[in-house]
Each structure stands twice: as structure tokens, then as C-alpha cells.
Amino acid sequence: MTSPRYQPAELEPRWQKVWREAHLYKTSTNSEQPKYYALSMFPYPSGNLHMGHVRNYTITDVIARVRRMQGYRVLHPMGWDAFGLPAENAAIDRGIHPARWTERNIANMRRQLQSLGLSYDWEREFASCHPEYYRWTQWLFLQMWQMGLAYQKFAQVNWDPVDQTVLANEQVDSEGRSWRSGAKVEQKLLKQWFLRITHYAEELLQDLDTLTGWPERVKTMQANWIGRSTGAYLEFPVVGRGEKIGVFTTRPDTVFGVSYLVLAPEHPLVGTLTALSQQAQVQEFCQRLAHLSVEERTANDQPKRGVPLGTEAVNPFTQQPVPIWIADYVLYEYGTGAVMGVPAHDERDFAFAQQYHLPITQVILPPGVVEITPLPKAYTEPGILVNSGEFDGLDSLTAKEKITQAAQERGWGEQRVQYRLRDWLISRQRYWGVPIPMIHCDHCGVVPVPEADLPVLLPENVTLTGRGLSPLAQLTEWVQVPCPQCGRPARRETDTMDTFIDSSWYFLRFADAQNSQAIFASEKVNDWLPVDQYVGGIEHAILHLLYSRFITKVLRDRGLINFGEPFQRLLTQGMVQGLTYKTVQTGKYLTSEQVIYENGECRDKETNEPVAIFYEKMSKSKYNGVDPEQVLAKYGADTARMFILFKAPPEKDLEWDDADVEGQFRFLQRVWRLVQNYHEHPPPRVVESTSNERNLRRFIHQTIQAVTADTTGEYQFNTAIASLMKLTNELTDYQGDNSGIFDEGIRVLLTLLAPFAPHITEELWHQLGHEDSIHRQPWPQVDHQALVVDEITLVIQIMGKTRGTIIAPSQADQATLEQLAKNSDVGQRYLQGQTIKKVIYVPGKLLNFVLAS
RNA sequence: GCGGACGUGGCGGAAUUGGUAGACGCGCUGGAUUUAGGUUCCAGUCCUUACGGGUCAGAGUUCGAGUCUCUGCGUCCGCACCA
């Protein structure tokens with residue numbers, strides 16, 4: 001009798017079809033069961049799955065499958081983050097309508113996902129570009145408008161010259177480049193829509209402490225991004241005029257050391273406060289700055305440049321007049337857009353004062369220093385106040401309080417908390433996004449589209465060129481509408497929303513995905529949410545994860561949900577890296593076919609240039625990608641899943657290695673053979689239990705314990721699979737004299753392996769004669785009786801060094817064990833003629849003899 | 001500059017949280033099967049002939065340190081003129 005060979009290409013699609021037709025992964029709504037919501041970040045439908053997706057979805061799938069077997073009702077959905085620029089660019093480049101391009105991509109990626117054997121409930125699928133979804137995105141925007149959280153203002157905004165749109169601060173990297181196009185971002189003054197995320201700054205920061213299931217570094221990044229600082233708001237009256245200049249400072253204790261004030265060049269007071277004599281110079285300075293990119297302007301190593309306005313303000317504490325300047329190092333967007341210059345105690349002010357020969361007045365002495373000597377650089381640490389009138393002799397900490405208090409009492413200022421976080425700019429001058437549901441009327445102003453008129457449909461017939469105005473603005477017929485309030489002719493808003501809004505609430509919609517009457521039923525969302533386990537890339541540490549937390553709090557305050565944090569546990573999976581070839585000198589990326597190995601060195605076939613080989617994140621431009629479809633075709637989904645989970649722990653980067661993929665394929669074949677041999681040559685049945693049998697049973701239950709811990713506590717799928725390999729080896733080597741335990745071993749192995757390799761386990765399960773799906777089996781329970789041992793290996797240490805082990809009865813007491821140890825070979829060798837000063841006994845583990853030296 | 005994470009065989013990575021360092025896999029070495037290559041199976045694989053020595057380096061706490069503390073070195077990541 002020949003056993004069938006393991007052929008994933010045949011059995012995987014076969015089982016996928018069976019599961020689909022049986023609705024095996026439909027979400028259970030049995031409220032008797034505890035709920036579990038396992039979610040991967042939904043993908044942008046670019047057209048093809050990459051390995052990063054495969055890793056992300058495999059991790060979440062295992063978690064979902066384990067919970068399902070453990071008796072939870074599991075929500076494990078999938079959808080599409082389907083608005084965005086690539087669709088529009090495809091339309092411009094290839095003349096395909098974004099909607100059709102997107103639908104086609106979704107169809108292909110859905111097929112790819114299904115071939116991975118992922119246990120999604122496809123009945124809850126949706127795409128953010130469908131009106132059934134985005135009408136609720138618009139509805140959400142209207143709620144925020146009513147709450148005063150959505151507003152329009154003129155602002156210096158980040159303009160991406162390549163994608164022809166504005167960007168949020170979060171979408172510009174530290175080099176001043178667009179997160180998407182990589183183009184250097186320019187500054188433009190435009191009227192734009194914002195969401196008032198700053199209203200939640202304090203809560204977004206505070207609640208980070210409650211997110212115990214989040215990686216520390218994500219929380220740190222968010223905390224830094226929010227950037228809370230405490231200090232004082234102080235006002236300096238302008239000499240001879242009514243205006244006052246308000247500044248924010250974290251160092252009110254240095255206020256007696258102010259030798260000038262600086263406004264940001266964009267500050268509205270610049271115009272009125274510039275003296276006639278300085279007008280030409282100031283104008284020229286501002287114009288020069290306007291031409292600089294953010295990066296050029298804010299580079300740290302640049303000399304600080306500025307111009308005096310020719311007017312003065314009075315320091316209320318000293319009654320001394322100080323000159324007012326404008327300078328490039330003061331940011332209009334932060335604080336009040338104006339600062340007090342204290343050169344002695346601020347590095348930037350020090351550099352500026354030196355350059356323009358402004359006075360440097362020391363008002364803080366380092367602890368222990370009593371005399372003022374000229375400073376070589378700014379002293380920025382706390383210290384003792386001098387030259388500060390009534391506050392002399394106080395330490396910085398106390399002085400901060402007292403001076404702020406004094407300012408408050410005398411009407412010069414107040415205590416203030418300042419955040420680095422800015423409001424979220426959501427206007428996009430692009431087509432493929434959610435139309436902002438607002439109407440501009442010359443008589444009524446900005447008027448929201450009535451809820452009954454939602455959705456504001458994105459018009460289909462549009463010509464996309466990528467140039468000029470926002471595409472919607474060119475559709476005169478679409479733009480012209482009667483005002484909902486007065487009925488007179490009015491214009492639609494032509495900007496669309498940042499696609500990050502779509503993804504800031506999609507996790508809520510999955511709880512009630514088909515609702516056509518409301519954004520969702522609150523009781524369903526309150527039942528399923530928060531997400532128990534969220535899995536995605538670290539690149540969203542700030543963007544998506546901060547926005548989602550914000551929107552969740554907004555909906556809570558609107559009374560729609562009863563929780564304030566959307567994601568209980570967050571797992572940020574590492575990158576998938578591919579083997580990369582790059583020429584050493586020219587830095588050119590090569591394919592594996594373009595290189596040749598000579599004398600152990602790698603060289604460019606064409607130029608003979610030396611080539612560096614290393615691992616780097618997979619990407620098309622680096623020729624280091626591995627196509628999931630090809631891997632699936634060659635080894636099948638189970639092998640791909642096993643490899644990805646085994647090669648590295650989920651948070652760490654993963655180096656793709658074909659040899660290791662082979663290794664996983666071999667392992668699955670060993671499992672296959674084990675089961676074939678098992679039911680072809682059934683071992684004889686014996687009733688009595690032997691020590692051999694007890695050992696096997698203990699091994700089986702140790703494996704259950706280990707795999708359960710690795711898949712439900714800290715996720716360590718690599719060690720879970722290692723345990724399954726050990727069990728497989730143990731069962732393969734087992735010289736069976738009783739079949740009952742061996743049966744149990746095979747059954748446990750297959751059920752524990754099922755979440756990782758769903759197809760092969762289902763096939764083998766049925767080969768063993770079972771009718772029901774293995775994925776409906778309960779998770780194996782640890783029998784603690786089986787873990788009990790009658791003999792233990794006790795470690796013998798002498799002075800803390802391991803010198804050997806002894807086998808001892810597990811019930812033996814310390815005195816017995818000590819005697820056994822002394823009589824053992826190790827004892828004879830090391831303890832002869834020595835004085836034992838002390839014995840350390842760790843029950844079940846070790847005996848340590850401390851000798852008199 | 002500020003903040004965070006990390007440093008273990010040839011490689012990816014384990015180590016019940018202070019108790020036999022190197023599980024599991026890859027690679028490699030030898031052997032068996034095979035006409036051969038591949039597959040499969042068996043044995044070995046931290047260094048050292050041994051005594052011993054080993055978790056980036058150095059110090060400390062402890063009966064005992066990969067694990068805790070301090071110093072230094074190195075790598076990676078985030079933020080960066082935020083007043």
C-alpha cells in the first residue's frame with residue numbers, strides 16, 4: 001500500500017473551497033462565549049500582496065485561530081483602505097479610472113489572501129472608497145463640525161509639489177520630505193480644513209499610560225510627538241504703543257535675563273511693529289526666508305539670522321526696554337510665535353546674541369558658584385537666581401513658581417502648558433478621496449451638507465491630469481449647488497479628505513459592517529471593541545495610531561461608544577528583509593543574476609566592481625523582493641506561514657532565506673510521514689502503562705503548556721513551532737508499546753499545529769477518519785497529573801559552579817538529596833576533605849555547596 | 001544634542017525571569033541508501049588534547065549573573081532651533 005505524497009498545491013485549494021462553502025470562519029454571535037477581536041491593519045489595495053502583508057496577516061490569523069479553538073467568539077475581518085493617490089496616478093499614467101483600477105486590485109489581492117488560508121469572515125469585508133462606507137466618513141466629519149472640532153483656517157501648510165497636494169505635519173519626515181512622494185515639501189499659505197486634535201492633546205498623552213499592551217517605543221514616540229511642556233505665558237508691552245507681545249517660556253526663572261524679544265517672521269505683529277527705517281530690511285529678510293524649504297530654514301547647524309524691527313518692548317519685571325527682532329529660528333507654529341531672548345541661559349539665544357552683539361545678562365548661577373564670570377556658552381541647567389530683584393537667592397524650581405505667580409497677580413501673564421502637537425490638516429486637493437461634505441454660500445457662509453443628503457458622491461466622469469486645480473474644482477456642474485440654508489446658488493467644497501480619516505474608524509465598522517442606517521449600532525461596537533489584538537507595521541506608530549485614538553475619543557464624547565482607547569494590545573511586526581546586492585563604490589542595486597562570486601568575493605558581472613551583500617527591507621527598487629505567489633506555488637501556504645513564524649519572533653526583522661523555507665517544508669513532510677506511518681502500521685494496543693509511556697505523555701503535555709503560553713501570552717511563535725518540532729521528533733523516535741498515548745500524541749500534535757499550518761493538519765485529520773474540521777476542535781488542555789515526574793535531574797554546584805548532575809527521586813527531602821550528592825561521583829571528587837560552610841537548595845533544581853576557603 | 005531598544009556559536013535565534021548557556025532550525029562535517037545529483041536516514045558540530053574557559057569590554061551585588069547595578073564601546077530606531 002503506497003501512501004499519498006504531501007502535495008500542498010492539490011490539497012490547499014481543495015480545503016479552502018470546503019471551508020468557504022461551509023462558512024467555517026463566519027463570526028460567531030453566541031453571546032455565551034467570551035469575545036476576541038483580532039485585527040490586522042487593513043491594506044491599501046496596491047494590486048499585489050507583498051511579504052510584509054503575508055507576515056502581518058499570518059500572525060493575526062494564528063492568534064485568531066488559537067482563540068477560536070479556545071472557545072472564544074472571534075472577530076477576524078478584512079477590508080480595504082481603498083482611497084489614495086496611487087489609484088489617481090495610475091489613472092493619469094495609464095488612463096484607467098481610479099475606481100476600476102482599485103476594484104481590480106482588490107479582486108486580485110482578495111484571491112491572494114484566500115490562497116494563504118487566512119480565517120477571515122469575508123461577509124464583513126468593505127472598502128473605504130465605496131459610498132456605503134464613505135457616507136459615514138462624511139457623517140463623522142459633520143459630527144466633528146457640530147462639535148467644533150472641524151474648522152477652516154489660513155495656514156502655512158506643507159505643499160507637496162510632486163503629488164500636488166498639501167500634507168499633514170505627520171506626513172512630512174524629519175528631512176522635510178513627503179512620506180509618499182519623497183519630494184521636498186514647500187510652504188504655502190492656503191485656506192484649509194483642520195481637525196482639532198490638539199483639544200485632546202492632554203488625554204492622548206495621559207492615556208498612553210493605560211496602554212499596557214503597547215510596545216514602549218510606540219508610546220514614547222507618541223509622547224514625544226505630543227510634546228508637552230509646562231511653563232509660563234508672559235506679556236511684554238511695546239514701548240509707546242498699545243500692543244503687547246506674548247511669549248511662551250519654560251524658563252520663567254530667567255526672565256530678568258531677557259535682553260531682546262524675537263518674533264517669527266510670519267508673526268502678524270511684524271507689519272505693525274516695524275519702524276519706518278527698518279521696513280526695507282525686514283521685507284527683504286522675510287522674502288528671502290519664504291523661498292527657503294523647511295529643511296534649509298530649520299537646519300540646526302545654520303547660523304541664526306535676524307533683523308531688528310527698530311521698536312522696543314518693556315520687560316515688566318525689570319521695567320527695562322529691550323529691542324524687538326525677527327529671526328529665522330523662531331517658529332510661528334509653536335507657542336505664541338514669539339520668544340524672549342535670554343542669551344545667558346539658552347543655547348540658541350546665546351548664539352544669536354553673539355552674532356548680533358546683544359547683551360548677555362547672567363541671572364542663574366550654577367550651584368556652588370558665587371561669582372559671575374563671563375560665560376563661554378549658555379548655562380542651561382537649573383541654579384540659583386542673581387540679578388533678579390526680589391527673587392535673588394531662590395533656586396530655579398522655586399523661582400519658576402514664584403515668578404509665574406507674580407506675573408499672574410500683576411496681570412503680566414499666567415502659567416501655561418504648551419504642546420508640540422498641531423491640529424490635523426485634512427484637506428487634499430486630489431480626486432480619489434472622500435469629498436468634504438460642506439457648501440460655501442456667499443450669504444450663509446460655510447454650510448454643512450444636510451445628513452439626509454449624504455453621501456456626497458464622488459463624481460465618476462472626471463479628467464485627471466495631475467496638474468492645476470483640484471480635480472473636483474474643475475467640474476462646474478458638480479460644484480454648483482443651491483445653498484441648503486437659503487437656496488441661493490452656492491459652491492461645493494472641492495477638497496477631499498486625507499485618507500487617514502478613512503482608516504481612523506474602520507475598526508469600529510467591522511463590528512457592524514453592513515449597517516445602512518447608521519455608522520454602526522453602538523451596542524455592537526461596545527460589545528466587540530476595543531480590539532483585543534492589533535497587528536501592523538511600526539511605520540504607523542504616530543500617524544494612523546494617533547489619529548485612531550483621537551477619533552475614538554471624539555466618538556466617545558459624542559456618546560456613540562463607551563470606551564476611549566481602540567486598541568488594547570498592539571503588536572508591531574518587524575520588516576521582511578531580502579538579500580540585497582549593492583556595488584560598493586557606485587551604490588547601485590543589482591539582482592542576484594547580475595553578480596558573480598570569485599575567490600569568495602562578490603562582484604558585478606558587468607563592471608567587475610566589488611558588491612556588498614546584506615539584508616534590507618524588501619522593495620522593488622532594490623531587486624531584493626520575494627513574490628509571495630511564487631513561494632506559494634512552490635511550497636504552499638502552510639510552508640510559507642511556518643517559515644515566517646519560525647524564522648524570527650514577530651517584533652523582530654525577518655531575513656528571508658530560501659534554505660530556511662526548505663527546512664519548514666521538510667518539517668511538514670516529516671509530520672506527513674509520521675501520520676502516514678502511524679495509520680498504516682498501527683502499534684499493538686497494550687493496556688498497562690509503562691515508564692516509556694508516562695515519559696511520552698509528559699512530553700505531550702509539556703508541549704501543550706509551551707505552545708499555549710507562546711500563542712496567548714507573549715507571542716513567541718518561533719518557540720511554539722520549536723516545541724512542535726520537538727514533539728514530532730519525539731513521536732517519530734518513539735518505540736511504541738502502547739497505542740493510547742501515541743494516539744493522543746498525534747491528535748495533540750495536529751491540533752496544536754492547526755493554527756499555524758491549517759491545510760496539512762486538516763488533510764491529515766480527515767485521513768485519520770475524523771468527519772468534523774480540525775479547526776473546530778477544542779484547544780488541548782494540560783493534564784497536570786501528566787506533568788508529574790518521579791525522578792528529577794538535580795544540578796550539583798560547588799561554590800556556584802556547575803560540576804555535575806545526579807538523578808534523584810522527586811519526593812526526596814533536602815537531607816536525602818545532600819547525602820546522595822555527597823556520595824555521587826561529583827561529590828566524591830569535589831567534597832572530599834572539604835568543610836561545607838553552607839548548602840543552598842533550590843527545590844527540584846539544584847544543590848550548591850559553599851565551602852570554607 | 002535628546003529619547004528609546006539592543007549586543008549570546010558560522011547564521012536565524014532559545015534559556016520556566018537570578019539556578020546545567022547555546023533549545024529548535026539553517027549551514028557545515030562524516031557515514032548509510034542512490035548509477036549520479038537531489039531526497040531520505042544515522043552520527044557530530046561554542047572554544048580547548050585535557051585541566052578548564054566562554055553570553056561586546058571592564059567593575060560591582062550574590063552561594064550563584066546572559067539575566068540585576070554602574071562605567072565604557074558598538075549597532076539600530078524615533079525626535080530634533082518646540083523656546
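In this text, all values refer to a predicted model and were calculated from it rather than measured experimentally.
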Q.
For nucleotides 18-29 of chain B, give me one character per nucleotide, 5' to 3': B if any protein heavy atom sits under 4.0 Å from the base, S if the only such contacts are to the sugar-phosphate, - if neither.
A. -BBS-BBSSS--
Q.
Across nucleotides 47-52 of chain B, 5' to 3', mark each nucleotide with B, S or - according to how protein heavy atoms within less than 4.0 Å reach it.
A. -----S
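Look at Gln716(A) and you'll find a side-chain N or O under 4.0 angstrom from OP1 or OP2 of A15(B).
Taking the side-chain hydrogen bond (donor to acceptor under 3.5 Å, both in side chains) definition, one finds that Ser619(A) meets it with Ser621(A), sequence neighbours left out. Residues satisfying the side-chain hydrogen bond (donor to acceptor under 3.5 Å, both in side chains) test with Thr198(A), not counting sequence neighbours, are Asp423(A). Residues forming a side-chain hydrogen bond (donor to acceptor under 3.5 Å, both in side chains) with Thr708(A) (at least two apart in sequence, or on another chain): Trp779(A). Applying the side chain to side chain contact (heavy atoms under 4.5 Å, CB included) rule to Val576(A) yields the partners Met51(A), Arg55(A), Met618(A), Leu654(A), Trp656(A); only residues at least two apart in sequence or on another chain are considered. Under the salt bridge (Lys or Arg N to Asp or Glu O under 4.0 Å) criterion, Lys822(A) pairs with no residue, sequence neighbours left out. Residues passing the side-chain hydrogen bond (donor to acceptor under 3.5 Å, both in side chains) test with Tyr419(A) are Glu202(A), sequence neighbours excluded.
The stretch residues 701-713 of chain A does not touch RNA chain B, since none of its heavy atoms comes less than 4.0 Å from the strand.
Using a 4.0 Å heavy-atom distance criterion, Gln418(A) is classed as making no nucleic acid contact. Counting any heavy atom pair closer than 4.0 Å across all strands shown, Arg217(A) reaches sugar-phosphate atoms only and no base atom. Counting non-hydrogen atoms under 4.0 angstrom, Pro649(A) reaches the backbone sugars and phosphates but no base. Residue contacts shown for Val850(A) are limited to sugar-phosphate atoms, with no base heavy atom under 4.0 Å away.
A donor and an acceptor atom never sit less than 3.5 Å apart when one is taken from the side chain of Lys838(A) and the other from the base of C63(B).
With both pairing distances under 3.5 Å, A43(B) is matched to U29(B) as a Watson-Crick or G-U wobble pair. With both pairing distances under 3.5 Å, G38(B) is matched to nothing as a Watson-Crick or G-U wobble pair. Nucleotide A5(B) has U75(B) as its partner under the Watson-Crick or G-U criteria, with both atom distances under 3.5 Å.
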Table please: side-chain donor-acceptor pairs of residues 249-256 of chain A below 3.5 Å, with sequence neighbours left out.
| residue | atom | partner | partner atom | Å |
| --- | --- | --- | --- | --- |
| Thr249(A) | OG1 | Arg251(A) | N | 2.9 |
| Arg251(A) | NE | Asp253(A) | OD1 | 3.0 |
| Arg251(A) | NE | Asp253(A) | OD2 | 3.3 |
| Arg251(A) | NH1 | Thr380(A) | O | 2.9 |
| Arg251(A) | NH2 | Asp253(A) | OD2 | 3.0 |
| Asp253(A) | OD2 | Ser396(A) | OG | 3.1 |
| Thr254(A) | OG1 | Arg251(A) | O | 2.8 |

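Applying the salt bridge (Lys or Arg N to Asp or Glu O under 4.0 Å) definition to pairs two or more places apart or across chains, none involves residues 709-729 of chain A. Residue pairs meeting the salt bridge (Lys or Arg N to Asp or Glu O under 4.0 Å) criterion with at least one member in residues 649-669 of chain A, sequence neighbours excluded, are Lys647(A)-Asp660(A).
Between Leu546(A) and Ile197(A) there is a side-chain heavy-atom pair separated by less than 4.5 Å. Using a 4.5 Å heavy-atom threshold, the side chains of Leu749(A) and Leu731(A) count as touching.
To the nearest angstrom, C1' of C77(B) lies 16 Å from CD of Gln222(A). If you measure from atom NZ of Lys801(A) to atom C1' of G54(B), you get 11 Å, rounded to the nearest angstrom.
Taking atom P in both C63(B) and G1(B), one finds a spacing of 40 Å when rounded to whole Å.
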